[in-house]
Novice: 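This is the structure I want to talk about, given as structure tokens.
Lettering of chains follows the sequences in order, A, B, ..., and the numbering in each one begins at 1. These figures come from a predicted structure and were not determined experimentally.
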2 protein chains.
Amino acid sequence: MKLTISDLAKMTGLAKSTISGVLNNKDGFSEKTRQKVLKAAEQYGYVPNEIARGLSTKYTKTIGLVIKDITNPFYSKLTKGVQEVAGEYGYTVFLCSSFEDHRTEKEQIQAMLSRRVDGLIVAPLLEEVTFDHLFDLKAKSVPFVLLGSVPGLDSSYVEFDDYDGGRQVTEHLLERGHRSIGFAAGLPTSRASRERLRACRDVLSARGLVLRTEFTFEGAQELVDGVEIGRKLIAMKERPSALICFDDVVALGVVKAFQSEGLRIPEDMSLIGFDDIDLMIFPLTTVFIPTYEAGKALARTLFGRIFGGPDTPPQRIVFDEKLVVRQSVRTVTN
Amino acid sequence: MKLTISDLAKMTGLAKSTISGVLNNKDGFSEKTRQKVLKAAEQYGYVPNEIARGLSTKYTKTIGLVIKDITNPFYSKLTKGVQEVAGEYGYTVFLCSSFEDHRTEKEQIQAMLSRRVDGLIVAPLLEEVTFDHLFDLKAKSVPFVLLGSVPGLDSSYVEFDDYDGGRQVTEHLLERGHRSIGFAAGLPTSRASRERLRACRDVLSARGLVLRTEFTFEGAQELVDGVEIGRKLIAMKERPSALICFDDVVALGVVKAFQSEGLRIPEDMSLIGFDDIDLMIFPLTTVFIPTYEAGKALARTLFGRIFGGPDTPPQRIVFDEKLVVRQSVRTVTN
DNA sequence: CAGAAAAATTGAACCGGTTCAAATTAGTTA
DNA sequence: TAACTAATTTGAACCGGTTCAATTTTTCTG
């Protein structure tokens, strides 16, 4: 059915190796045969089989991207960045989603490896015990770059200064006079969330304040989680004057809950998010995170390693986070 | 470096074919050798090379997904659906974005073919002249499913009843008393947009009304496009009483523009979108489109064809669109 | 316990490319 | 034109699996 290099060889009366050579632009072929081959390939619509090529060259021109959820603007924008750079290099990307499940993450990585990707970009779930699969990658010297560093693993990574983002946000709230602050944290598997929470606690305690447990929520990930947290807050007799949300999506959920009860942000509670997603129309004070740029950086770093060989020193890239003040935080005057 | 089947053969003293057979769960092997092979594979961490396997079996356990822009919730949700079903089948998906460029779309498809994907899901750009690449797929009998039918091409597809969606929306506006309606259409390459626009015109003209050219916009795709259209509308001395937007993202842009000028929806203009995206917190009247389900259906249909062979009759699946009335359309009383 | 049948294992060819040393052809030079 | 060099072209091995007819081993039967 499909035309192979041997077919072309037969048709042109040349050797397989000649066809291969010409098609790969190697020199040492007469102009005559070169044309003959090219014409035949063109005429019969020859499509090289990258699978076969990959088998001998060891390069599949393929990279794997393992993220948590493509539906989240954070990851879709990052993915776009990765794709764009990959395209420049003639690479195609396998998209895998861990769906926030650790076992799935491992399986996906395994699937990528068995498909012999030239490299991997992984946004790993943070699970205390089991980074074995990532250490394995290093041991097998598979080129890979992580989104977010993993303790003890000396690898390339791209990350955001989430601790500083958490700091900026908390200080901003303090400056605006807030003393009672709540925190809607993400899943415990999110490094970013942990860092932001840690920073928040640090900044507060430096002022002699604490994050009260009843104002601290966990596992906020999707819009509905934000809605639920919003509802809980509304139901409380006493509310924090401001809530820091793990990301804009969760913040949107909180806004939705408040709006549906006729409450207003920031009048009834101040709100802050992270990511600065494009689809935001609510004037949410948030933290800009260069996800698109990070996606590109991840891909560039990976290609650096793929083409640079196993001795390429690990790259660490940290992007700054930047507070974007809009109108969801009010000034508290006592 | 990497362990191969021949390595295992040497280590166990068995033949390559034995290793292969056991690893593929073929029967006809004694329990003793079976264990021996399995143990060795486990112990030395053997990872099968799907590339090599693909070369002989012709199955790469890989499908290609060509969409327009992963950043758009419509496509990211659809992608999630595709991924989920693919995962069930042990398949991995190549994600490609055409970035709304026809040449890129062709190149991406070509790239997928050269990587010998077992099948393709394509959300094709609608360009009058050149569907050749899709007809080619059929000619080469590559399994593929389209998102949206292509005129003259007898292939499997999954689509939404966009015409009916456009009808519902327009009739809803008419019922609410609107007579002066605007339309922010998507890119001319969008089938959905065309259908909706056509339906809108049809319904209006059945009532003796027309879509005025100055109220008809084209090329709305991202949030910023919506913002721009919103600004233009605000600047007009006379505005339509309602605007139908190609999708929720564009509608959000319009909302944003209005809000930033202190104007309100629906008081100052009614607004309707399409998609019913999750991230919507504005009470936008919109049309629900089951993108996630469609993604699953696309994948299922594709696997039906992949496993069913070339004689599998083309499947056509049409999902209904359903108006979701919220609060962005006011009732006009003359 | 020989002989036949059944079960288990093997070896070689193949998938569609790449690679490179060896062979062939063309071009120079004396 | 013979001899030598440079330019082309080729053939065989290899990449890591799968497949299946042929062979070897085991088990069963009379």
Novice: Can you tell if the side chain of B:Ile63 reaches within under 4.5 Å of the side chain of B:Val82, non-hydrogen atoms only?
Specialist: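 In short, these two side chains touch, coming nearer than 4.5 Å.
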Novice: Measure the acute angle between the ring planes of A:Phe319 and A:Phe160, then classify it against the limits of 30° and 60° as parallel, tilted or perpendicular.
Specialist: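 Tilted: the ring planes of A:Phe319 and A:Phe160 meet at 30° to 60°.
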Novice: Atom CZ of A:Arg116 to atom C1' of D:dG17: distance rounded to whole Å?
Specialist: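 Going from A:Arg116 (CZ) to D:dG17 (C1'), I get 10 Å.
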Novice: So, OP1 or OP2 of C:dG16: does either fall under 4.0 Å of a side-chain N or O from A:Ser56?
Specialist: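 No, A:Ser56 has no side-chain N/O under 4.0 Å of OP1/OP2 on C:dG16.
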Novice: Do A:His133 and A:Glu105 have side-chain N/O donor and acceptor atoms under 3.5 Å apart?
Specialist: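 Yes, A:Glu105 and A:His133 have a side-chain donor paired with an acceptor closer than 3.5 Å.
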Novice: In whole Å, what is the span from the CD1 atom of A:Ile5 to the P atom of C:dT19?
Specialist: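 Taking CD1 of A:Ile5 and P of C:dT19, I get 11 Å after rounding.
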Novice: Return the orientation label for the A:Phe94 and B:Phe94 ring planes: parallel under 30°, perpendicular over 60°, tilted otherwise.
Specialist: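 A:Phe94 vs B:Phe94 ring planes: parallel.
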Novice: Is the distance from OP1 or OP2 of D:dG17 to the nearest side-chain N or O of B:Tyr46 less than 4.0 Å?
Specialist: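 Checking D:dG17 against B:Tyr46, a side-chain N or O does come within under 4.0 Å of OP1 or OP2.
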Novice: For DNA chain C, whose closest nucleotide is more 5', that of B:Lys32 or that of A:Glu50?
Specialist: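 Closer to the 5' end of DNA chain C: B:Lys32.
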Novice: For B:Ile19 and C:dA8, what is the distance between atoms CD1 and P respectively, to the nearest whole Å?
Specialist: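 One finds 16 Å between P of C:dA8 and CD1 of B:Ile19, rounded.
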Novice: Would you say B:Thr60 and B:Asp118 are linked by a side-chain donor-acceptor pair, where the criterion is simply a distance under 3.5 Å?
Specialist: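 Side-chain D/A pair, B:Asp118 to B:Thr60: present.
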Novice: In whole angstrom, what separates A:Glu31's CD from D:dA7's P?
Specialist: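 Between P of D:dA7 and CD of A:Glu31: 16 Å.
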Novice: Counting only side-chain nitrogens and oxygens, does A:Asn49 get under 4.0 Å of the OP1 or OP2 atom of C:dC15?
Specialist: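 No, outside the criterion.
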Novice: In whole angstroms, how far is the P atom of C:dT19 from the CG atom of A:Asn25?
Specialist: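 Distance, rounded to whole Å: 13 Å.
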Novice: Describe the nucleic acid contact of A:Ser17 in one word from base, sugar-phosphate, nothing, applying a heavy-atom distance below 4.0 Å.
Specialist: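 Base: the residue A:Ser17, judged by heavy atoms under 4.0 Å, touches a nucleobase.
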Novice: What contact category does A:Lys16 fall into here, base, sugar-phosphate, or nothing, at under 4.0 angstrom with non-hydrogen atoms?
Specialist: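 The residue A:Lys16 makes base contact.
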Novice: Hey, does A:Thr57 reach any base, or is it just sugar-phosphate, or nothing, if we go heavy atoms under 4.0 Å?
Specialist: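 Contact class for A:Thr57: sugar-phosphate only.
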Novice: Between P on D:dA6 and CG on A:Asp27, what's the gap in Å once rounded to a whole number?
Specialist: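 Computing the A:Asp27:CG to D:dA6:P distance gives 17 Å.
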Novice: Nearest heavy atom decides the nucleotide; on that basis, is A:Lys58 or A:Gly28 closer to the 5' end of DNA chain D?
Specialist: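 Counting from the 5' end, the first nearest nucleotide belongs to A:Gly28.
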Novice: For B:Lys26, report the nucleic acid contact type (base, sugar-phosphate, nothing); a contact means any heavy atom under 4.0 Å.
Specialist: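 Touches sugar-phosphate only.
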Novice: Describe the nucleic acid contact of A:Thr18 in one word from base, sugar-phosphate, nothing, applying a heavy-atom distance below 4.0 Å.
Specialist: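 It contacts base atoms.
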Novice: Is any side-chain nitrogen or oxygen of A:Tyr59 closer than 4.0 Å to OP1 or OP2 of D:dC15?
Specialist: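 For D:dC15, neither OP1 nor OP2 has a side-chain N or O of A:Tyr59 closer than 4.0 Å.
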Novice: Using only heavy-atom distances, decide whether a donor-acceptor pair under 3.5 angstrom links the side-chain of A:Ser6 to the base of C:dG16.
Specialist: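 Side chain to base: no pair present.
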Novice: Rounding to a whole Å, what distance do you find between A:Ile51:CD1 and C:dT18:C1'?
Specialist: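 About 15 Å, once rounded to whole Å.
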Novice: Expressed as a whole number of angstroms, how long is the span from A:Lys2:NZ to C:dC15:P?
Specialist: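 From A:Lys2 NZ to C:dC15 P: 15 Å.
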Novice: Could you tell me how the ring of A:Phe303 sits relative to the ring of A:Tyr89: parallel (under 30°), tilted (30 to 60°) or perpendicular (over 60°)?
Specialist: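 Ring orientation of A:Phe303 relative to A:Tyr89: parallel.
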Novice: Closest approach to the side chain of A:Thr33, judged atom by atom: which nucleotide of D:dT9, D:dA12, C:dA8 is it?
Specialist: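 Nearest to the side-chain atoms of A:Thr33, counting from C-beta on, is D:dT9.
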Novice: Identify whether any heavy atom of A:Leu14 sits under 4.0 Å from a base atom; if not, whether one sits that close to sugar-phosphate; answer base, sugar-phosphate or nothing.
Specialist: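 Counting heavy atoms under 4.0 Å across all strands, the contact made by A:Leu14 is with sugar-phosphate only.
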Novice: Nearest to the side chain of A:Thr4, which nucleotide is it out of D:dG16, C:dC15, C:dG17?
Specialist: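 Nearest to the side-chain atoms of A:Thr4, counting from C-beta on, is C:dG17.
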